[in-house]
There are 2 protein chains.
Amino acid sequence: MRKQGAAVGLRDIAEMTGVSLTTVSKILGGKDKLFADATVARIRQAAQQLNYRPNAIARNLRCGRTRTVGAMIPLIGYFSHVLSGIHSTLFEHGYAVIIGTPPKLNTASDDQTEAQVIHQLIERNVDGIILRPSSEQFERAYFDEIWQRNVPLIAIDRELSLFKTDFVGTDDEAIGAAAARHLADLGHRRLLFIGRDDVQTAELRGLGFRCAAGEVEGASCAHFVGAGQWQEVASVMQRDDRPTGIFCYSDAVAERLITRLQEWGVRVPEDVSVIGAGNTKMVRELTTFDQQPYEIGKGAAQLYLKRINEDTRAASPTIIRLPAILIPRATTAPPPA
Amino acid sequence: MRKQGAAVGLRDIAEMTGVSLTTVSKILGGKDKLFADATVARIRQAAQQLNYRPNAIARNLRCGRTRTVGAMIPLIGYFSHVLSGIHSTLFEHGYAVIIGTPPKLNTASDDQTEAQVIHQLIERNVDGIILRPSSEQFERAYFDEIWQRNVPLIAIDRELSLFKTDFVGTDDEAIGAAAARHLADLGHRRLLFIGRDDVQTAELRGLGFRCAAGEVEGASCAHFVGAGQWQEVASVMQRDDRPTGIFCYSDAVAERLITRLQEWGVRVPEDVSVIGAGNTKMVRELTTFDQQPYEIGKGAAQLYLKRINEDTRAASPTIIRLPAILIPRATTAPPPA
DNA sequence: CTGAAAGCGCTAACAC
DNA sequence: GTGTTAGCGCTTTCAG
């Protein structure tokens with residue numbers, strides 16, 4: 001007599017059907033071709049009847065595979081779509097996703113928290129980790145823990161500088177180029193990029209923007225990054241020959257810009273056109289780029305699955321940069337006559 | 001000699017220090033008070049040196065506890081904040097969160113997918129499940145699987161009708177009441193609620209709205225729910241004595257309403273005031289309620305921790321409804337003279 | 001204070 | 001086709 005409430009296991013099915021535990025394991029484990037049809041049917045039925053669910057924990061302990069991956073990626077906003085893509089794709093393949101987002105704890109420093117998260121994932125024997133690097137020079141120590149244990153690592157959104165890993169992100173240069181061309185097509189010639197100098201994605205977008213701008217007949221292109229950029233913006237926007245087409249590397253920056261422009265009495269888009277990136281719906285009707293975050297997540301999951309099937313850590317990393325889609329809305333228009 | 005690359009285990013530490021595996025287990029497991037300080041120090045040091053990480057899988061198999069909870073809750077938008085609250089709180093207590101969001105699969109029906117998700121969680125032996133019911137008459141069969149196995153279940157946002165469980169959500173009636181009072185305070189007397197008849201939260205908000213409206217001197221309150229509500233809105237807004245203060249049960253509905261009002265040439269807030277709920281930033285400057293989703297997640301996690309510590313499923317369920325905070329913005333104003 | 005032995009639920013090698 | 005045995009890495013009696 002089993003303890004009341006205890007989970008039903010292979011043994012229960014074996015006892016019930018008068019067959020050995022091993023046989024049950026094999027049949028329910030998919031190796032049913034080796035057995036007599038009658039036995040298979042009998043086992044299957046008993047399993048169903050007892051409402052048997054395999055114990056993944058036990059299975060994993062034996063096989064050393066957990067079919068679980070850790071996702072170290074923000075939960076909010078843009079990245080929630082990435083996570084959704086990761087989860088859906090992995091779920092279809094029988095994998096579970098365990099959240100490895102470093103929470104904002106009031107007790108510990110960020111570094112400690114991040115290390116703790118990695119410990120948690122390692123202790124739970126995740127088969128892989130999908131990571132959006134929180135900073136680009138991610139602490140080497142954290143990674144060694146992952147690297148040494150040979151856990152496949154897929155980076156998202158920003159490439160890691162210290163380790164060469166598989167990567168899925170946005171084609172940032174192409175975004176910049178497309179922004180410049182969109183403005184140029186509308187007739188703008190005095191262009192401005194507002195970015196940052198400490199974020200990879202921002203730099204690449206600026207690069208693409210300037211390159212494409214350089215190919216436009218008669219275009220000039222300014223470029224403000226880093227601390228003090230808002231003062232620069234403020235001063236340049238006072239001038240008669242101020243830029244009329246501005247590309248901000250993110251929607252958040254575009255929003256701040258538009259707020260300021262309105263304060264200065266500059267109308268958008270009549271006087272100045274503004275483009276953002278991310279499609280994060282912060283400002284209504286902002287012309288922006290949809291970076292297809294769900295697809296990025298899906299791509300990362302697929303890359304992961306490919307990686308573990310090949311089982312070759314040695315193979316050179318795959319880098320995928322997905323195109324973003326321009327969404328023209330109400331903040332871009334031809335320049336004033 | 002251990003196999004190259006294999007994880008270091010208790011045995012390795014035992015061999016290294018010349019002490020028994022059991023002793024190592026106990027010391028590293030926190031029962032260090034029972035041992036000689038010298039031994040404890042020796043073991044600790046060896047563990048550090050070998051970079052030992054306990055294998056949670058093995059531990060769990062032995063103890064029957066996984067310190068993992070499943071979160072069956074949407075990943076996007078409002079609920080991503082709830083998830084964040086759940087994750088942060090549980091993480092502080094050593095729990096991991098595994099994603100149990102039913103993904104939109106193109107192959108299976110929703111019901112099948114939901115069942116599969118539950119199987120996945122059960123098979124991984126989650127210690128509990130935090131759920132935002134996707135429909136209110138959630139299929140009984142799914143739950144029996146959870147219920148029978150005695151897995152603590154915490155509901156979020158909407159109470160389950162079939163099972164009495166712990167619950168954390170918003171004080172929906174209070175939201176409705178506060179919306180009515182806000183409009184009344186601004187001077188509105190002809191009020192309107194736009195809701196739904198098949199969603200618990202919407203109904204409760206409507207109830208609170210009407211009750212509070214009833215207590216306002218000279219106020220009248222209409223109430224549109226269910227199919228055909230937009231036709232009703234359209235027709236009532238033509239009239240001379242149309243409502244001047246409207247409360248929509250969600251931001252999404254408020255957004256749709258404002259779009260329509262603008263099409264009809266009705267100005268917001270000069271002619272009509274509109275309030276939403278959720279603070280989902282869909283429309284800029286919408287007067288709405290912040291439902292404190294992070295706090296709701298945190299509350300659910302705390303309730304879960306309390307529940308497993310008591311270990312009494314028999315105890316009556318705890319129901320928590322957190323207040324929402326009115327955020328007055330640009331879509332509410334005094335009525336036209 | 002410390003250790004030997006049993007066993008969590010399952011899979012995999014190797015018999016018959 | 002089916003059963004026996006060993007053991008994944010750990011915790012937990014129970015015995016010194």
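Below, read A as the first sequence line, B as the second, and so on, with proteins coming before strands; counting in each chain starts at 1.
- Going from atom CD1 of B:I13 over to atom P of D:dT11 covers 11 Å, rounded to whole Å.
- Of the candidates C:dT2, C:dC8, C:dT11, C:dT2 carries the atom nearest the B:A36 side chain, counting heavy atoms from C-beta on.
- Between A:L28 atom CG and C:dC10 atom C1' there is a gap of 12 Å when expressed in whole angstrom units.
- Distance from the side chain of A:F35 is smallest for D:dG1 among the nucleotides D:dG1, D:dT13, C:dA13.
- Comparing A:T39 and B:L61 against DNA chain D, the residue whose closest nucleotide sits nearer the 5' end is A:T39.
- Side-chain N/O atoms of A:Q302 and A:T89 include no donor and acceptor closer than 3.5 Å.
- For DNA chain D, the residues of residues 18-25 of chain B within the heavy-atom distance limit of 4.0 Å (strictly under) are B:L21, B:T22, B:S25, sorted by number.
- B:E123 places its CD atom 18 Å from the C1' atom of C:dC8, with the value rounded to the nearest Å.
- Distance CZ (B:R62) to C1' (D:dC10): 8 Å, rounded to an integer number of Å.
- Between B:Y52 and D:dG9 there is no side-chain N or O to OP1 or OP2 distance below 4.0 Å.
- Salt bridge present: A:D32 and A:R44 bring a charged side-chain N and a carboxylate O closer than 4.0 Å.
- Here the P atom of nucleotide C:dT2 and the CZ atom of B:R42 are 8 Å apart, to the nearest Å.
- In this structure, CG of B:L10 is placed 13 Å from C1' of D:dT12, rounded to the nearest angstrom.
- Distance from the side chain of A:R59 is smallest for C:dT11 among the nucleotides D:dT12, C:dT11, C:dG9.
- In this structure, B:T101 contributes its side chain and B:M72 its backbone to no donor-acceptor pair below 3.5 Å.
- Both B:A58 and B:K26 lie near DNA chain C, and the one whose nearest nucleotide falls closer to the 5' end is B:K26.
- When the side chain to side chain contact (heavy atoms under 4.5 Å, CB included) test is applied to A:A58, the partners found at least two apart in sequence or on another chain are A:N55, B:L61.
- No side-chain donor-acceptor contact under 3.5 Å links A:N125 and A:T66.
- Rounding to whole angstrom units, CG of residue B:N55 and P of D:dC8 are separated by 12 Å.
- Ring orientation note: the planes of B:Y304 and B:Y95 are nearly perpendicular, at an angle over 60° on the 30°/60° scale.
- Following rounding to the nearest Å, A:R11 (CZ) and D:dT5 (P) show an atom-to-atom distance of 16 Å.
- With salt bridges taken as basic N to acidic carboxylate O contacts below 4.0 Å, none links B:K298 and B:E92.
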